[in-house]
Amino acid sequence: MLAKAKECWEQEHEAREAEKSRYLAERIPALQTRGLSLSALQDLCRDLHAKVEVVDEERYDIEAKCLHNTREIKDLKLKVLDLRGKFKRPPLRRVRVSADAMLRALLGSKHKVSMDLRANLKSVKKEDTEKERPVEVGDWRKNVEAMSGMEGRKKMFDAAKSPTSQ
């Protein structure tokens, strides 16, 4: 199969070369420089330089048009993306991977590194927060009735103000 593909590729390459040589022979006549005087050779060189300048100008114009068209295409693509709206990203799913598996994926299977991330953590004791602040259990309706109206708001204001003043 590879031999057949190589053979086809070589045939295409030869066909391209033949087409190129045929096109150049058709477009460019053979130069006859034998037996020409110095002034005739100089005239021939001037004519060839003039033709090269014309072709160079055409090439430059075509390049400028191509650059302009590519910029225009880029701007239009940006406009299409803006009109289409923002790209909606798919929701990411959580994947649970252990630290060992992650290191194995990053470093490859040849590295046998085990890492216990929890071994280096400090142990923290839970403090009893309930000892510091006593909880009063009472009837919630009394609290609502006491705080209703302007008097209740004044009590709340005074209560908030009093701890900072001490």
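We number each residue from 1, following the sequence as shown. What you see is a predicted model, and the numbers here were worked out from it, not measured in a lab.
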- E19/R22 salt bridge by N-O under 4.0 Å criterion: yes
- Distance from Q32 atom CD to L44 atom CG, nearest 0.5 Å? 10.5 Å
- CG on L41 to CG on L48, rounded to 0.5 Å: 10.5 Å
- Task: Give, for atom NZ of K65 and atom OH of Y60, the distance between the pair rounded to the nearest 0.5 Å.
- Result: 13.0 Å
- Query: Going from NZ on K4 to CD on E7, what distance comes out if it is rounded to the nearest 0.5 angstrom?
  - Reply: 5.0 Å
- Message: Under a 3.5 Å threshold, yes or no: a donor from one side chain and an acceptor from the other, between H68 and E72?
- Response: yes
- Go through the steps to decide whether D82 and K79 satisfy the test salt bridge (charged side-chain N to carboxylate O under 4.0 Å, His left out), and finish with yes or no. CA-CA 5 Å; D82 288 343; K79 284 183 182 179; over 6 Å; no
- To the nearest 0.5 angstrom, please state how far the OG atom of S37 sits from the CD atom of Q42. 8.5 Å
- Note on the structure: Rounded to the nearest 0.5 Å, the CD atom of E10 sits from the CD atom of E12 at a distance of 11.0 Å
- Task: Kindly indicate whether the side chain of R46, heavy atoms from C-beta on, has any atom under 4.5 Å from the side chain of H49.
- Result: no
